[in-house]
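First up is the structure itself, then whatever we jot down about it.
Sequence positions, counted from 1, serve as the residue numbers for this chain.
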Amino acid sequence: MRAPWRAVATSALHIGFLAAPAVLVLGLFGIAAYTARHDLGNGVRAAAAGLLVAAVTGALLWGLLRVPNRPRGVAVNRQGQPQLWRTVRRVCEAAETTDPDELRITAEPGVRLRERAGLLGLTRGTRCLEVGLPLIAGLNVSELSVVLAQELSRFGGGPVEVLASRVRECVLHTRRELTAGPTKWLFAGYAAVCRRLSDPLARSGVLRGDAVAVRLAGRRVTAATLRKHVGLRLGWEDYTREYLSMASRVERTPDVLLGFRSFLENQHRRTELAERAKETIAAEEAADVARPTVSQRLQALRRASGDPEDPDERPALALVREPRTNVPAVENRLLAEGLGERVPWPELARMAADHDVAVKTARLSAAVSQSGVETEPTLAGVLAALHRGEGRELINPALNPGLAPELVDEAVVDTLTELLGAAVVDALVRAGRAQHELDWGGPPVVRLPDGRTLDPDKLVRPAVADPRLVPGLHRHLVHLGVPLEHSQPAEDEPEPGTSGVVSPVRVAGGLHDMVVTDRGILLLPSSVRTLRRVFAGALASLRRSEHERLGRVATTPVAELREFPGAQWVDTRDVAGAELHETQGSWELTLRLYLDEYAVSELTEGVTETVSEDPEEELAALRVYGVGDALEQGTPYTGLGDLLGARLHTTPAEHSSG
């Protein structure tokens, strides 16, 4: 059967893209050889030009062909997990595609077929199927087969279609992995043409996968799995944020897969995720021709037909051999390596909740000591200050200095309620009069000795909002047996967390790495010279090495970075205001700073004259200039907005119409 013309055109375009440099170089050498027969000098110059072109094109192609496409996750072999491999093989037979060479378990709530092909997809390479651990936790066997069929069938069809699909995946992967620079600029145009040409081919591959899934499991199961997969992705995000984060706070290893199963089986979570999945599917927009929306795929399924097998409703976990030993082994390598001893979820939740209220109580003590309010950092002292109407002054050191003025009153009540409520719970827990219990439907609950639950927010918020109610709160706390002299030592200055890095930026004529944290901005003299930047723009390998360097900067503790020679620190507490002026392809950030005797910033250069219009308010200015083609690590600009908040005013670039 004749292959679709788009697959033929995509394959031909790619062959031409790879052959064109070789034809160009051979043509130049041919011209040089012909010219040398008549004029040796011009022939030598033509040969030199050919060598230069060969060197440049060789460097560009070398950078493109060496973009890594490394597999992720933990490999599982056929002997160790025969049932998983049999399921994959059965789906491959239904999809009429070859078996993968590797099977790996990842932490992502999805399935991906990754091929490490040569010549940007022109030659076949090792195929690796990555299956997400959350899917094994949340799907049954038939549903997992559906998801596998939808992914594996995208790369099915005739030989030319398989080649075109592989080329498309490799080209787009390379385009994503390349950073700014000549290599990316030159390759981006070709990638755009290849993508536009092959978009309908990719779309038909997605729909082909749904059709294969219908033949395997039936239309009803396939449609249900599409919806359920959306809910699983949402649920995994919630589970990671609300529960897996507990593990890092107390340095203990949880049962990840079993915990996620318990999370999904909670009735409240199940109902909520089903509703959110429905809303997500309805709100999805068809922004990419190659990716039909879930709604469009469900609509296409109504016309699908097939002779499905009997559904296998066993949990997908049943396919795992010896799950009691193999699942924890995979989790330790995949998600929780180095966290400490493995503990059950109820104990982990109790430890994390106890830790959290202790930390918040320490924050309350720190705010009291820094506020200047004359009171003890105990519960009794805080209640007394609150009764005197000094709650705003008391909690002010704990507020974000970048808050907009209209949000301060609400933030005062919310923050004081949160910290005071945590201090009450911490006092009860330390006195043995309450304990935290795991709740898969929400945060850990506080359980009193008589079996009742305590909601600290409802307990303290009325008195925080209205100081006249403090005496009633005081009596209630005494009735509960709360030791009112309880406090925690004031927490130390928190270690800044890095949001992202931009490199380079220009300050006072010199190049710097700008490290944006949640406590301030760190400027490090850049060790990268202009010549290396030029080569990094042209060579993908040097560009990757620069990204790796910035990755090391982003993961190094800020306290260590501040010890580097020439490091400058701008503390958020010293920032009065900031302006970000966007220009064509760049930006300029002006920070207005309090640099009096109370300042905690450490600046040695780049600070200019007073910029305040009020003669009694002495402000200095620090200007940071963006550099075109700068590299980024993390989310520095989002972090900058979070750090400065309402103090940051942005002026967008003006676009000329001429």
Notebook entry, point to check: Among R114, R104, R112, which residue meets the side-chain hydrogen bond (donor to acceptor under 3.5 Å, both in side chains) test with E130?
Noted result: R114
Side chains of [X] and [Y], heavy atoms from C-beta outward: is any pair under 4.5 Å?
| X | Y | result |
| --- | --- | --- |
| L419 | V382 | no |
| L591 | L644 | yes |
| R269 | L264 | no |
| V131 | L129 | yes |
| M514 | I521 | yes |
| R342 | P328 | yes |
| H474 | H387 | no |
| D642 | T638 | yes |

Heavy atoms only: give me the nearest [X]-[Y] pair and the separation to one decimal.
| X | Y | value |
| --- | --- | --- |
| A398 | R363 | O-NH2, 3.9 Å |
| V146 | A213 | CG1-CB, 3.8 Å |
| A599 | Y594 | CB-O, 3.4 Å |
| P109 | W236 | CD-CD1, 3.8 Å |
| G80 | R321 | O-CD, 3.3 Å |
| L394 | S371 | O-CB, 3.6 Å |

Donor-acceptor under 3.5 Å ([X] side chain, [Y] main chain):
| X | Y | answer |
| --- | --- | --- |
| R647 | T572 | yes |
| S365 | T361 | yes |
| K278 | R227 | no |
| E151 | L148 | no |
| R461 | K458 | no |
| E331 | V256 | yes |
| T555 | R552 | yes |
| Q296 | T293 | yes |
| T106 | G73 | no |
| S499 | P636 | no |

Presence of salt bridge, [Y] and [X], under 4.0 angstrom:
| X | Y | result |
| --- | --- | --- |
| E602 | R562 | yes |
| E237 | R233 | no |
| K360 | D426 | no |
| D238 | R276 | yes |
| R388 | E374 | no |
| D571 | R519 | no |
| R350 | D354 | yes |
| E265 | R270 | no |

Checklist line | Evaluation steps, side chain to side chain donor-acceptor pair (under 3.5 Å), between T271 and Q267 | finding: CA-CA 6 Å; T271 304; Q267 184 59 47; 3.1 Å; yes
Does atom [atom1] of [X] have more than 12 heavy-atom neighbours, drawn from other residues, nucleotides or ligands, at distances under 6.0 Å?
| X | atom1 | answer |
| --- | --- | --- |
| E406 | CD | yes |
| R241 | CZ | yes |
| E376 | CD | no |
| R314 | CZ | yes |

Next item on the list: Report the relative orientation of the aromatic rings in Y243 and F263; use parallel for angles under 30°, tilted for 30 to 60°, perpendicular for over 60°.
Entry: perpendicular
Note to self: Over 60° means perpendicular and under 30° means parallel, so tell me whether F260 and Y239 are parallel, tilted or perpendicular.
What the structure shows: tilted
Notebook entry, point to check: In Å, rounded to the nearest 0.5 Å, how long is the span from CD of Q488 to CG of L364?
Noted result: 10.5 Å
Item checked: Gap between atom CZ of R447 and atom CG of D439 - 0.5 Å precision -> 9.0 Å
